[in-house]
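Computed over heavy atoms, backbone and side chain alike; hydrogens, waters and symmetry mates excluded. Remember, it's a predicted structure, so these values are computed and weren't measured experimentally.
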Amino acid sequence: MCDERTLKDWARYLEDALPVSRRRFGALTAGAGVAAALPPVAGAQFQPILTGMVEIETPDGVADCFMTHIPDGSHAGVIVWPDILGLRPTFMDLGRRLAAQGYAVLVVNPFYRSARAPVVPEGASFGDTEVRERVFSLAGELDPGTHFTDARAFVDYLDRHGSVAPDRRIGTIGYCMGGPMVMRTAAARPDRIGAAATFHGGGLATDADDSPHLLIPEMSAEFLIAVAENDDANDPEAKSTLRESFDAAGLAAEIEVYEGAQHGWCVPDSAVYHDEQAERAWSRLLALFERALA
């Protein structure tokens, strides 16, 4: 998960082996070119996509979220939990990209209890002290209980949405702090969640009594867990704990450390976005959803 150690890892990485040019990164952090950073979707460039902000009632208030899907037919629903910088344009672009593949995608604002999205300015950097203080404060208001109540509310919303096929299971994706939210979503609604993926998810297997991995026996979803190389170096036992837990529960799980990828590598506006490894992780996500949400 993003913390001070992550910043130190990034600093070393950016000095030694930045996989994208500094000119390109400068354009992204200035708020330009985020959508252009994502490769085009084959066969989908002429497909219209409906998008818009929606408001979802939860036990704790009203969540402002982003919904996107193609207009024709009904589709498997997907819930996207953003990283610690929250719902913002780059995650809307990721949602649209997934919608173009034939999914009804809900990208949530996990911080809705305290702030509407976006919670940081466009182009904000996790390296900025004020930004970190802002998002750490917001993240500190969330806990396993809020993860569960939000997950149930968002699943219920998708089940009521006209674009979502009631006879297909729902997928969920989480980035960074969204990783534990994905696992708790799968445990909260095992009857509906059929596929789950985490990209550089933090805190998936810890020594705490409420560690997400302890919920695996309550799940029925197939998993993809894409691990950043530096996250694995900082906690090398986590992947083994997850593997043992999934095997014991009889659940299929693809768990892989992505070589050369830093925490945050899958998000286009991240300082350490890694095009090649992000695309490989995305291809594994699409394969999972095609298989498990059919």
Practice problem: Step by step, work out the side chain to side chain contact (heavy atoms under 4.5 Å, CB included) result for Arg189 and Asp159. | Solution: CA-CA 12 Å; Arg189 289 298 306 270; Asp159 278 341; 4.1 Å; yes
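- No donor-acceptor distance shorter than 3.5 angstrom exists from the side chain of Thr68 to the backbone of Thr51, with no hydrogens or angles considered.
- For residues 214-250, the set of pairs meeting the ring-ring contact (aromatic ring centres under 6.0 Å, His included) definition, not counting sequence neighbours, comprises Phe223-Phe246.
- Contact annotation: the side chain of Ile79 approaches that of Val108 to within less than 4.5 Å [non-hydrogen atoms, C-beta and beyond].
- The nearest pair of heavy atoms linking Ala165 to Ser74 is CB-OG, 3.6 Å.
- Residues Met177 and Pro110 have side chains in contact (heavy-atom distance under 4.5 Å, counting atoms from C-beta outward).
- Val78 is listed as a side-chain neighbour of Leu98, based on a closest heavy-atom distance under 4.5 Å.
- Using a 4.0 Å cut-off between a side-chain N of Lys or Arg and a carboxylate O of Asp or Glu, Arg184 and Asp150 do not qualify as a salt bridge.
- For residues 98-125, the pairs satisfying ring-ring contact (aromatic ring centres under 6.0 Å, His included) are Tyr103-Phe289, with sequence neighbours left out.
- Although no hydrogens or angles enter the test, the distance criterion places no donor-acceptor pair under 3.5 Å between the side chain of Arg192 and the main chain of Val155.
- The shortest non-hydrogen separation linking His213 to Ala205 is ND1-CA, 3.6 Å.
- Remark: Asn109 pairs with Asp64 by the side chain to side chain donor-acceptor pair (under 3.5 Å) rule, at least two apart or across chains.
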Practice problem: Show your working on side chain to side chain contact (heavy atoms under 4.5 Å, CB included) between Ser163 and Met67 and close with a plain yes or no. | Solution: CA-CA 10 Å; Ser163 69; Met67 186 77 189; 3.7 Å; yes
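- A donor-acceptor pair under 3.5 Å is formed between the side chain of Ser270 and the backbone N or O of Gly264.
- A perpendicular orientation is assigned to the rings of His69 and His161, their planes being inclined by more than 60° (bins at 30° and 60°).
- Under a cut-off of 6.0 angstrom, the local environment of CD in Glu276 is sparse, with at most 12 non-hydrogen atoms contributed by other residues, nucleotides or ligands.
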Quiz item: Do Leu215 and Met183 pass the side chain to side chain contact (heavy atoms under 4.5 Å, CB included) test, and can you show the C-alpha distance, the side-chain angles, and the key distance before you say yes or no?
Solution: CA-CA 8 Å; Leu215 297 167; Met183 297 191 74; 5.8 Å; no
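- Atom CG of Asp235 and atom CD of Glu237 lie 7.5 Å apart (nearest 0.5 Å).
- What you find for Ala99 and Val105 is that their closest heavy atoms are N-CG2, 3.8 Å.
- Closest approach of Pro82 and Val107 over heavy atoms only: CG-CG1, 4.2 Å.
- Panel note: side chain Arg169, backbone Leu293; no donor-acceptor pair is recorded below 3.5 Å.
- Between Leu50 and Ile70, every side-chain heavy-atom pair lies at or beyond the 4.5 Å cut-off.
- The line from CZ of Arg132 to OG of Ser125 is 8.5 Å long, rounded to the nearest 0.5 Å.
- At a threshold of 4.5 Å between non-hydrogen side-chain atoms, the residues Leu285 and Leu224 count as touching.
- In this structure, the side chain of Thr149 engages the main chain of Thr146 through a donor-acceptor pair within 3.5 Å.
- No continuous path of hydrophobic side-chain contacts links Trp265 to Val267 [ILVMFWY only; heavy atoms under 4.5 Å].
- Exactly one of Gln262, His200, Lys239, His263 qualifies for a side-chain hydrogen bond (donor to acceptor under 3.5 Å, both in side chains) with Asp231. That residue is His263.
- Counting heavy atoms of neighbouring residues, nucleotides and ligands inside a 6.0 Å radius, atom CG of Asp207 does not exceed 12 of them.
- Residues Ile56 and Val54 have side chains in contact (heavy-atom distance under 4.5 Å, counting atoms from C-beta outward).
- Taking OG of Ser245 as the start and CD1 of Ile255 as the end, the distance is 8.5 Å to the nearest 0.5 Å.
- Arg168 places no side-chain N or O within 3.5 Å of a backbone atom of Gly77 that could act as its donor or acceptor partner.
- Salt-bridge check for Asp247 with Arg243: passed, with a basic side-chain N closer than 4.0 Å to an acidic carboxylate O.
- Under a cut-off of 6.0 angstrom, the local environment of CD in Glu57 is sparse, with at most 12 non-hydrogen atoms contributed by other residues, nucleotides or ligands.
- Annotation: Glu254, atom CD; neighbour count of heavy atoms from other residues, nucleotides and ligands within 6.0 Å is above 12.
- Remark: side-chain polar atoms of Thr185 are paired, donor with acceptor, to backbone N or O of Met181 under 3.5 angstrom.
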Self-check item: Chi angles and distances behind the side chain to side chain contact (heavy atoms under 4.5 Å, CB included) call for Phe126, Val120
Solution: CA-CA 10 Å; Phe126 183 74; Val120 295; over 6 Å; no
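- The two residues Ala63 and Thr58 come nearest to each other via the heavy atoms CB-CG2, 4.2 Å.
- A 4.5 Å side-chain heavy-atom check between Leu142 and His147 finds at least one atom pair inside the cut-off.
- Ion pairing of Glu222 with Arg291 is present here, as a side-chain N (NZ or NE/NH1/NH2) and a carboxylate O approach within less than 4.0 Å.
- Between Phe154 and Trp81, the ring center distance clears the sub-6.0 Å criterion.
- With hydrogens and angles disregarded, no donor-acceptor distance shorter than 3.5 Å links the side chain of Arg88 to the backbone of Pro118.
- In plain terms, the two heavy atoms of Ile84 and Ala139 that are nearest each other are CD1-CB, 4.3 Å.
- Within the 3.5 Å criterion, the main-chain N or O of Val62 finds no donor-acceptor partner in the side chain of Arg113.
- Between Pro190 and Met219, the closest side-chain pair of non-hydrogen atoms is not below 4.5 Å.
- Centroid-to-centroid, the aromatic rings of Tyr258 and Phe199 stay 6.0 Å apart or farther.
- Arg280 has no carboxylate O lying under 4.0 Å from a charged side-chain N of Glu259, or vice versa, which leaves the two without a salt bridge.
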